[in-house]
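Reviewing the structure listed below.
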Amino acid sequence: MQIKATMADAYKLIHEGIQALARAERQGIRIDIPYCERVKKRLTRRINRLERKFKEMELYRLWEKVFRAKTNIYSNDQLSYLLYRVMKIEPPKFTAGGKGATDEEALSQIDVPGVGIIVKIRKLLRVRDTYLEAFIKEQTDGYIHPFFNLHTVRTFRSSSSDPNFQNIPKRDKDAQKICRRALFPRPGHRLVSMDFSALEVMISACYHKDPNMLAYLRDKTSDMHLDMAKQIFIFDSLDRSIPAHALLRQATKNGFVFPQFYGDYYGNNARYLADWVKLPQGRWERGMGIELPDGSHISDHFIANGIKEFGTIKEVRGRTIATGFLKHVQEIENDFWNRRFKVYNEWRKRWVEEYRKRGYLRMLTGFTCSGVMKKNEIINYPIQGSAFHCLLFTFNRLDEAMRKEKWDSRLVGQIHDEIVMDVHPDEFEHVERTAHRIVRKELPAAWSWIIVPLEIEVEAFEIDGPWVK
DNA sequence: GGAACTCGCCAC
DNA sequence: AAACGTGGCGAGTTCC
């Protein structure tokens with residue numbers, strides 16, 4: 001029997017959450033300001049060098065000819081005008097506002113000397129101005145105090161600002177190192193990150209209860225992303241014996257499975273997947289794309305399995321006809337929702353119907369979302385919100401234990417499914433055990449609708465070391 | 001000179 | 001028919 005939390009439960013969670021987060025805000029995170037200043041200067045020098053290099057190029061001469069005194073190489077409006085109007089290049093993609101896009105993806109497809117420098121400069125500027133400069137601006141007495149809000153997000157997730165603690169670079173290793181090296185624990189302490197494993201997928205399963213999905217989540221030896229990778233890349237087996245297995249799995253997870261959960265469709269998936277394995281959008285010849293262990297290429301493998309091109313999508317009398325790789329991914333999409341995760345799909349349909357009948361939706365955590373919503377929003381909001389509420393519950397219990405037991409360790413931040421603490425080394429094991437107990441025992445005991453095994457992964461950083469390994 | 005907008009891009 | 005969900009922020013731009 002599934003018992004939803006009540007609105008009073010939801011209120012209590014937020015009420016306690018605001019206070020626990022306020023304590024984390026007041027505590028703050030130590031910041032190495034001399035380091036920020038040093039790196040800022042270094043980045044400025046590199047940016048200046050790149051700027052000088054750019055100003056020697058043909059593209060810049062054209063820029064000055066067109067814009068005269070108004071020339072600004074950081075204006076994307078000017079860049080768009082230059083490339084797509086003056087030079088008459090066909091825009092590889094468009095912005096939401098209908099202009100030719102000048103983001104990295106678009107520029108990477110344009111063969112004009114100089115645009116690569118623009119992309120490089122942008123990356124350095126972002127690290128310098130959005131992160132290091134913001135840390136310097138927001139610091140007091142060697143600490144930053146990021147805000148964590150619970151009143152700004154439609155899904156009842158949190159947001160963070162001044163500075164935003166929830167978007168500090170992680171994927172880009174260069175940017176990660178530079179930015180996270182600025183953040184430290186208190187003297188003699190260590191920063192500790194606690195990450196929920198596959199939290200949103202776990203919570204989605206509490207809504208739809210799809211048996212195949214539940215089996216994946218309960219059986220640690222199974223691997224949904226790897227199984228999908230086998231299907232997409234047509235391998236009977238795909239494991240460590242194939243060096244590319246990790247890459248193919250990663251491509252599948254980020255280019256198919258997660259986008260599908262968010263409501264994307266095979267057309268976008270196919271583009272992303274092809275890009276990831278370096279296959280072009282047109283015809284596929286032998287020897288294209290990433291190399292496989294036997295020295296052959298991924299294109300050979302697809303061709304041998306009857307997929308000879310990226311393909312097209314055409315509308316014929318109201319019916320969509322896909323060909324090539326697009327058709328292949330379309331078939332996998334159909335199989336994904338109509339066979340593999342059929343029950344999940346039925347839940348999605350029911351959930352949208354229910355919202356449209358009632359005009360609002362109720363989360364398992366007791367929150368109500370109302371207002372006009374699109375299909376994908378209706379499906380995603382309850383999952384995103386409830387997943388965060390599991391984190392907030394854990395955060396609150398840790399805060400409570402911290403005060404009751406007079407820990408020297410402190411909660412300092414949170415990133416949707418990750419808790420960040422500043423921990424005294426002697427308390428580390430106790431803090432870790434407490435966190436595991438809350439997540440494994442107290443959380444499912446408090447919320448009986450949790451029917452999946454929730455886990456956190458604990459990562460401890462060096463004593464007196466920064467927030468990066 | 002500030003508000004509100006677009007764009008690009010960082011996180012989950 | 002629809003077609004990736006949630007934020008914050010810096011820079012450029014437009015409008016008042």
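From a predicted model like this one, the values you see are computed outputs, not experimental measurements. Basis for what follows: all heavy atoms, side chains included, without hydrogens, waters or symmetry-related copies. Chain identifiers are assigned alphabetically (A, B, ...) following the order of the sequence lines, protein sequences preceding nucleic acid strands; residue numbering begins at 1 within each chain.
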Is the shortest side-chain N/O distance from [X] to OP1 or OP2 of [N] below 4.0 Å?
| X | N | answer |
| --- | --- | --- |
| A:T152 | C:dG7 | no |
| A:N72 | C:dA11 | no |
| A:K374 | C:dA2 | no |
| A:S159 | C:dG8 | yes |
| A:T95 | B:dC7 | yes |

ring centroid sep under 5.5 Å plus plane angle under 30, A:Y262 with C:dG5
yes

Parallel under 30°, tilted from 30 to 60°, perpendicular over 60°: which one fits the rings of A:H225 and A:F258?
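Judged by the thresholds at 30° and 60°, the geometry between A:H225 and A:F258 is perpendicular.
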
Which word best sums up how the rings of A:F67 and A:W63 line up, parallel for under 30°, tilted for 30 to 60°, or perpendicular for over 60°?
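A:F67 and A:W63: tilted rings.
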
Applying a 4.0 Å non-hydrogen cut-off, can you work out what [X] is touching in the nucleic acid: base, sugar-phosphate, or nothing?
| X | value |
| --- | --- |
| A:Q384 | base |
| A:A387 | nothing |
| A:E104 | sugar-phosphate |
| A:K99 | sugar-phosphate |
| A:D264 | base |
| A:S160 | sugar-phosphate |
| A:S158 | nothing |
| A:Y74 | sugar-phosphate |
| A:I383 | nothing |
| A:Y381 | sugar-phosphate |
| A:G267 | nothing |

Pair [X] and [Y], ring centroids less than 6.0 Å apart:
| X | Y | answer |
| --- | --- | --- |
| A:F336 | A:F341 | yes |
| A:Y344 | A:Y207 | no |
| A:W276 | A:Y272 | yes |

Calculate the interatomic distance between [X] atom [atom1] and [N] atom [atom2]; express it in whole Å.
| X | N | atom1 | atom2 | value |
| --- | --- | --- | --- | --- |
| A:D103 | C:dA11 | CG | C1' | 16 Å |
| A:L326 | C:dA3 | CG | P | 19 Å |
| A:I136 | C:dG10 | CD1 | P | 13 Å |
| A:I203 | C:dT6 | CD1 | C1' | 16 Å |
| A:R154 | C:dG8 | CZ | P | 13 Å |
| A:N254 | C:dC4 | CG | P | 17 Å |
| A:R126 | B:dA11 | CZ | C1' | 12 Å |
| A:M373 | C:dG5 | CE | C1' | 13 Å |

Going by an N to O cut-off under 4.0 Å, is there a salt bridge joining A:K170 and A:E418?
yes

Which residue lies more 5' along DNA chain C, comparing A:P163 with A:V153 via nearest heavy atoms
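Result of the comparison: A:V153.
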
Taking atom C1' in both C:dC4 and B:dC9, what distance in whole Å separates the two?
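After rounding to an integer number of Å, I get 16 Å for this pair.
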
Quick check: are there more than 12 heavy atoms from other residues, nucleotides or ligands sitting under 6.0 Å from NZ of A:K469?
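Enclosed.
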
Per the atom types in the model, does the base of B:dC12 pair as donor or acceptor with the side chain of A:R157 at under 3.5 Å?
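Answer is yes: a donor-acceptor pair is held.
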
